[in-house]
Amino acid sequence: MNETSTLWWDTGNQSIHYIEQTLLPNEYAIVECRSIERLATAIRRLEIRGAPALGVAGGYGVALAAVLAEKKDMQLFMAAVQRDADLLRSTRPTAINLAWGIDRVLASMQPAQDCRDACTRAIAEAKEIAREDTACCHAIGKHGAALLPDTCTVLTHCNAGALACSSWGTALGVIRSAVNEGKKVKVISCETRPLLQGARLTAWELARDGIDVTTITDSTAAHLMRQGAIDAVVVGADRITSDAVFNKIGTYMHAVCAHHHKIPFYVAAPRSTFDAKNTETDVIIEERGRDEVTIMGGRTYVPERAHVKNYAFDATPMELVTAIITETGVLRPPVDIHKLLSHHNTT
Ligand code: MRU
C-alpha cells in the first residue's frame, strides 16, 4: 500500500511541502510553502485538511515562523513567532489538533538560549509530531482492525485517511490495517457535501491502494443500513469532549441511523484530538461560505434571496458512540479524558 506523507519539512529549503488536496482526484500536485500567510490560506482553503494533518501543519507552521524570524533579537523573535502562531490558530476553530500542534512546538522553544537554538528545537519538535502521528495511526489501525469481522462492509464519512494525517489515516488506517491482516473489507464512502472529501479523497486513496470502495450520496447511507448492507461505521474526529464527538457535518446523522439499525459506530482518533477542558456547548463549530453550497461546477443552484447555512462539523453525543479507537487501545464510553491523556506515551 502507498504510504507517502501528506506534508513534510524540507530541511534544505527550510520550507513546508504538502499535497494540494483541493485538486484531487484530477491532479496530484505538491506545493512548497515558505510564508505563514500562504500556509494560513492553504489551511482555510482545505489544501491541507483533516484534524491530525492540521496538527502537523500547525507544528511545521510555528517552525517556519521561527525560521522566518530568526535574525531578530530573542524578544522580537518570540513576539513575531507568537503573532504567526495566533494567525495560524485562527484559521480553523473546530479541530483541536491545530492548536495542539502549535502549542506543542511553542512550548518546545521555551528553554532555548537564542534564536538559532529556538529554531532547531521548533523544527525537531514539529518533525516529531509528524513521526508520532504516523505511529499513532498504525497503532489505531491495529486496535481498530480487531473490531472488524473477517468479511465486512464499512461505511465512512468525509476523509479520515492518509491525507487527513501525516500518513496511513485513522478511520482509513483501521481499514488499511484490517486489509493488511487479510480481512475482506469493502468500503462505502459517503460523498460528504459540500466539499466532497469522501468522493474526492477517500475514494481516491482507497482505490489507489486496491481497496474495494463505493461512493454514495450522503442521503443513501440510511437506505443501505436498512437493507442490512453495512456492518460497521468508522469515522474520524476533529475534537472529542467527554460528552460528544465533533466530526464532519453529517456524522451525527450516520450515528443516529447506525444506532437505530444496531450497527456499531466507531470513532478512530489519536489522543491529540481529545479536549479535556471543554464540553459540547463550549466548542465553536466552523461555519463556511455560502458559495460552497450554492455553486456546483461553476453554476449557481440556489436563488440569491435564499439563506444558506454551511456548518463544517456537527457533534455526535457520546451515547451514540460504540467505541473510540485510540493509539493506546479501544475505549467504551463513558470516557475519562483526563485519565486517557495522563497515560504514558508509547508511540
Ligand atoms: O473540513 P475537513 O476536511 O478538515 O474535515 C475533516 C474531518 O471532518 C475528518 O473526518 C476529521 O478531521 C478526522 S481526520 C483523521
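Because the structure is predicted, anything quoted here is derived from the model rather than measured. Remember, it's 1-based here, ligands and their atoms both numbered in the order they're listed.
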**OP:** Answer yes or no for Arg92: is there a heavy-atom contact with ligand 1 below 4.0 Å?
**Re:** yes
**OP:** Verify the neighbour count for atom NE2 of His259: are there more than 12 heavy atoms of other residues, nucleotides or ligands below 6.0 Å?
**Re:** no
Original post:
Just by distance, with hydrogens left out, do Asp10 and Gln14 show a side-chain donor and acceptor under 3.5 Å apart?
Top reply: no
**OP:** Verify, without hydrogens or angle tests, whether Asp314 (side chain) and Gly250 (backbone) share a donor-acceptor contact under 3.5 angstrom.
**Re:** yes
Original post:
Who's the nearest protein heavy-atom neighbour of atom 3 (O) of ligand 1, and how far?
Top reply: Arg49 NE, 2.5 Å
Original post:
Between the candidates Ala164, Ala237, Ala171, which shows the shortest non-hydrogen contact distance to atom 13 (C) of ligand 1?
Top reply: Ala237
Original post:
side-chain contact (heavy atoms from CB on, under 4.5 Å) between Ile96 and Asp238: does it pass, once the steps are laid out?
Top reply: CA-CA 6 Å; Ile96 192 174; Asp238 287 84; over 6 Å; no
Original post:
At a non-hydrogen distance cut-off of under 4.0 Å, which region of Lys248 contacts ligand 1 (side chain, backbone, both, or neither)?
Top reply: both
Subject >> Those atoms of ligand 1 less than 4.0 Å from some heavy atom in Ala160 >> reply: 14 (S), 15 (C)
**OP:** Please report which non-hydrogen protein atom sits nearest to atom 15 (C) of ligand 1, along with the residue it belongs to and the distance in Å to one decimal place.
**Re:** Thr170 OG1, 3.1 Å
Subject >> Which of the ligand 1 atoms, numbered from 1, are nearer than 4.0 Å to a heavy atom of Gln197 >> reply: 1 (O), 2 (P), 3 (O)
Original post:
What about Asn247: any of its N or O atoms under 3.5 Å from an N or O on ligand 1?
Top reply: yes
Subject >> Pair Thr11, Lys127: side-chain N/O donor-acceptor within cut-off below 3.5 Å >> reply: yes
Subject >> Any Ala95 heavy atom less than 4.0 Å from ligand 1 >> reply: no
**OP:** Identify whether Val321 and Met253 are in the same connected component of the hydrophobic contact network (ILVMFWY, side-chain heavy atoms under 4.5 Å).
**Re:** no
Original post:
Which bit of Ala51 gets closer than 4.0 Å to ligand 1, counting heavy atoms only: side chain, backbone, both or neither?
Top reply: both
Original post:
Which of the numbered atoms in ligand 1 are below 4.0 angstrom from a heavy atom of Pro52?
Top reply: 14 (S), 15 (C)
Subject >> Nearest-neighbour protein heavy atom for atom 7 (C) of ligand 1, which is reported as residue plus atom name and distance >> reply: Asp238 OD1, 3.3 Å
Subject >> Heavy atoms of other groups near Arg226 CZ, more than 12 under 6.0 Å >> reply: no
Original post:
Under 6.0 Å from the CD atom of Glu304, do we count more than 12 heavy atoms belonging to anything else shown?
Top reply: no
Original post:
Hey, quick one: are Val283 and Val235 part of the same hydrophobic cluster, counting side-chain heavy atoms closer than 4.5 Å, chains of contacts allowed?
Top reply: no
Original post:
What part of Leu46 sits under 4.0 Å from ligand 1 if we count only heavy atoms: the side chain, the backbone, both or neither?
Top reply: side chain
Original post:
Is Phe265 atom CZ crowded by more than 12 heavy atoms from other residues, nucleotides or ligands, each under 6.0 Å away?
Top reply: yes
Original post:
Would you say ligand 1 has an N or O under 3.5 Å from any N or O of Gly50?
Top reply: yes
Original post:
Does ligand 1 have any atom that is closer than 4.0 Å to a heavy atom of Asn159?
Top reply: yes
